[in-house]
Amino acid sequence: WSSLEAAKTCILEQKLRPMLLLSDSALEDFKDIDTQDPNSVLVGLAPSKFDYAQLNSAFRLLMEKRGEAKLIAIHKGRYMQKSDGRLSLGPGGFVSALE
């Protein structure tokens, strides 16, 4: 039982249509999920998706549908170690910005 499976179960049970901020490999697990007219945001470990345009779209969705839209975070790690051994920002700061 992985965090991705738990998030998918949550999405299906609540009939959510998420905006997916996930890595390409994680997106494979969600290819059968309806993402049209999103009413939620799912944030995973996806450094390439954490740019201003994507985060601002997620922010606007959450603000415009305040009280209805859900924010789901796979995890809130503050940092991670990259393959080069150096530390980089994790999704936690971005999740906090969207909360």
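If you're wondering where the values come from, they're calculated on a predicted model, not measured in any experiment. Below, all heavy atoms of this structure are taken into account, side chains as well, without hydrogens, waters or symmetry copies.
Pairs passing the side-chain hydrogen bond (donor to acceptor under 3.5 Å, both in side chains) check and including a residue from residues 69-84, sequence neighbours excluded, read K76-E99. Within the structure, salt bridge (charged side-chain N to carboxylate O under 4.0 Å, His left out) pairs that include any residue of residues 25-35 comprise K8-D32, E28-K31 (at least two apart or interchain). Applying the side-chain hydrogen bond (donor to acceptor under 3.5 Å, both in side chains) test to residues at least two apart or on different chains, the pairs with a partner in residues 17-26 are S23-S25.
Judged by distance alone, the side chain of E5 and the main-chain N or O of S2 form a donor-acceptor pair under 3.5 Å.
The distance from atom CD of Q54 to atom CG of L20, rounded to the nearest 0.5 Å, is 10.0 Å. Note: I33 CD1 to I11 CD1 = 5.5 Å, rounded to the nearest 0.5 Å. Taken from OG in S57 to OH in Y52, the straight-line distance is 9.5 Å, to the nearest 0.5 Å. For the atom pair CG (L42) and CG (L71), the distance works out to 9.0 Å, reported to the nearest 0.5 Å.
In this structure, the side chains of V43 and I74 stay at 4.5 Å or more apart for every pair of heavy atoms. Contact annotation: the side chain of F59 never approaches that of V41 to less than 4.5 Å [non-hydrogen atoms, C-beta and beyond]. Looking at M80 and P47, their side chains come closer than 4.5 Å, going by heavy atoms from C-beta outward. Side-chain contact check for L21 versus F94: every heavy-atom pair is 4.5 Å or farther apart.
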